[in-house]
Amino acid sequence: MFPDSCTVNNGGCDANAVCSHDTTTNAVKCTSKAGYTYFGSVSGDIRIVNIRANANWAQNGMTIAGGNGVGGATNQLNYPFGLFLDDDQIMIIADWDNHRIMQWKNGDTTNGKVVAGGNGKGNGLNQLNRPTDVLIDKETDSLIICDWQNGRVVRRSRRSGTTQGEILIDSIICFGLAMDEQRYLYVSDYEKHEVRRYQFGDNGGTLVAGGNGQGAKLNQLNSPRYIFVDRDHSVYVSDYANNRVMKWNKGAKEGIVVAGGQGAGNALTQLNLPHGIIVDTLGTLYVADCYNHRVMRWTQGAQQGIVIAGGNGAGSGANQFAYPIGLSFDRHGNLYVVDQSICRVQRFSIEKDW
């Protein structure tokens with residue numbers, strides 16, 4: 001498909017950037033006139049980004065969704081969980097206790113739009129019950145939603161006129177979702193303590209992490225939350241109740257601890273009930289350290305992480321979180337964080353190096 005990917009909308013790069021194909025990462029590479037690079041993805045998952053090793057972010061975040069108290073109005077959220085950022089920096093948010101999926105357009109921080117659910121709590125095909133995660137399948141222009149309390153994964157078309165979704169996987173206490181470039185769907189099962197990979201139309205899936213009962217051994221998970229799949233098809237899992245993040249290489253029978261695993265605590269070697277995770281093209285891990293009210297960065301092989309946002313106690317200040325949950329990056333490396341108890345999404349601008 002290369003170099004054709006750069007001929008359509010400049011490959012998703014900014015108008016003043018040069019588009020090319022990076023064979024190492026199998027991604028669209030965008031190079032600005034100032035020499036700054038960022039990466040897109042042929043599968044449309046722009047969360048896989050290139051971030052320089054010494055990157056820093058502004059310590060004060062900007063509220064770009066919600067932040068108007070708990071509620072169900074279009075300018076409010078009600079204990080949001082996961083989010084997904086598309087190529088146009090449109091945010092899709094799992095608005096947990098409003099039983100809906102919200103869309104917030106880039107540049108509009110005032111009001112969002114209900115794009116799934118929003119018809120009260122229920123198990124109808126036009127309803128959701130406390131969704132925890134959402135992603136966009138570009139191939140079908142649809143949303144894939146972890147409909148947690150209904151015990152199912154559902155798909156909802158983004159095309160206008162669609163009023164209800166379809167069930168993809170049932171009888172699963174799902175929590176986190178991910179998709180690789182081959183459109184395999186990965187789902188964490190919070191009750192069975194495992195992650196499975198699914199082809200569309202397959203309700204059984206293939207075990208890729210955990211599946212050996214609840215526990216803290218290297219072949220076990222304990223209430224897994226969010227997941228991330230890299231280009232080698234390694235699966236990263238926020239192993240919530242074990243206070244660690246695990247990496248399971250493709251085909252592995254046990255995982256590797258890549259962050260935490262030293263018990264619950266707030267030292268730089270520890271995590272406290274981690275949630276959202278992202279891995280960049282350098283293999284650096286970013287994790288929402290939920291109960292420590294901070295976002296941390298762990299480089300490959302590091303024995304401890306560093307705090308890149310928050311870490312100033314629980315609160316509603318611009319440099320604070322109250323239980324951060326979901327994470328995403330845009331293609332420039334700006335960080336987006338779902339600040340659950342403040343019912344908002346915060347954006348932290350990456351500091352430029354020119």
Side-chain angles (χ1 to χ4, degrees), residues 45 47-48 81-84 94 132-135 144 146 148 153 169 172-181 184-198 205-264 269-280 283-292 295-302 305 324-329 338:
D45 188 349
R47 291 179 297 174
I48 305 176
F81 271 76
L83 82 161
F84 187 93
T132 56
D133 206 7
V134 59
L135 58 80
I144 298 178
C146 172
W148 176 64
V153 177
I169 306 168
I172 182 172
I173 308 302
C174 64
F175 204 99
L177 301 170
M179 184 183 288
D180 66 22
E181 79 284 354
Y184 283 98
L185 181 65
Y186 298 73
V187 185
S188 64
D189 190 318
Y190 186 80
E191 188 175 71
K192 293 182 179 177
H193 313 287
E194 66 183 24
V195 178
R196 286 185 173 268
R197 182 183 67 235
Y198 296 84
T206 301
L207 183 71
V208 293
N212 294 293
Q214 181 181 16
K217 296 178 181 177
L218 292 179
N219 67 345
Q220 294 179 305
L221 298 169
N222 191 346
S223 305
R225 293 278 176 137
Y226 291 103
I227 51 181
F228 187 94
V229 180
D230 69 14
R231 297 189 184 279
D232 296 324
H233 301 117
S234 297
V235 179
Y236 294 77
V237 187
S238 57
D239 194 6
Y240 173 78
N242 282 327
N243 301 296
R244 65 189 185 184
V245 177
M246 301 291 290
K247 176 183 179 180
W248 291 65
N249 292 314
K250 184 178 180 180
K253 300 301 181 183
E254 61 181 37
I256 303 164
V257 180
V258 292
Q262 304 296 319
T269 57
Q270 295 177 301
L271 298 170
N272 194 347
L273 303 179
H275 280 69
I277 52 177
I278 303 171
V279 180
D280 68 16
T284 301
L285 169 71
Y286 301 81
V287 54
D289 190 9
C290 184
Y291 277 62
N292 282 324
V295 176
M296 298 192 73
R297 174 172 63 189
W298 295 66
T299 57
Q300 286 193 76
I325 299 286
L327 293 181
S328 189
F329 284 110
V338 174

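Residues that satisfy the side chain to side chain donor-acceptor pair (under 3.5 Å) test with T284, not counting sequence neighbours, are absent from this structure. Annotation: disulfide bond (SG atoms under 2.5 Å apart) contacts of C290 (sequence neighbours excluded): none. Under the side chain to side chain donor-acceptor pair (under 3.5 Å) criterion, Q220 pairs with no residue, sequence neighbours left out. Q214 is linked by a side-chain contact (heavy atoms from CB on, under 4.5 Å) to H193, N222, counting only residues two or more places apart in sequence or in another chain. For L273, the side-chain contact (heavy atoms from CB on, under 4.5 Å) partners are Y240, N243, Y291, not counting sequence neighbours. Listed by chain and residue number, nothing satisfies the side chain to side chain donor-acceptor pair (under 3.5 Å) test with R297 (two or more places apart in sequence, or in another chain). With sequence neighbours left out, R197 forms a salt bridge (Lys or Arg N to Asp or Glu O under 4.0 Å) with no residue at all. Applying the salt bridge (Lys or Arg N to Asp or Glu O under 4.0 Å) test to D289 and every residue at least two apart in sequence or in another chain returns R294. For Y190, the ring-ring contact (aromatic ring centres under 6.0 Å, His included) test picks out F175, with sequence neighbours left out. By the side chain to side chain donor-acceptor pair (under 3.5 Å) test, N272 pairs with no residue at all, sequence neighbours left out.
Within the 4.5 Å cutoff, the side chain of N212 has no heavy atoms near those of the K217 side chain. A 4.5 Å side-chain heavy-atom check between L207 and E194 finds at least one atom pair inside the cut-off. Between L135 and L185 the shortest side-chain heavy-atom distance falls below 4.5 Å. With contacts defined as side-chain heavy-atom distances shorter than 4.5 Å, the pair L177/T132 does not qualify.
Sorted by first and then second residue, the pairs that involve residues 236-253 and meet salt bridge (charged side-chain N to carboxylate O under 4.0 Å, His left out), not counting sequence neighbours, are D239-R244.
No hydrogens or angles considered: nothing links the side chains of D133 and Y226 as a donor-acceptor pair under 3.5 Å.
Shown here is E254, whose CD atom has more than 12 heavy atoms of other residues, nucleotides or ligands within 6.0 Å.
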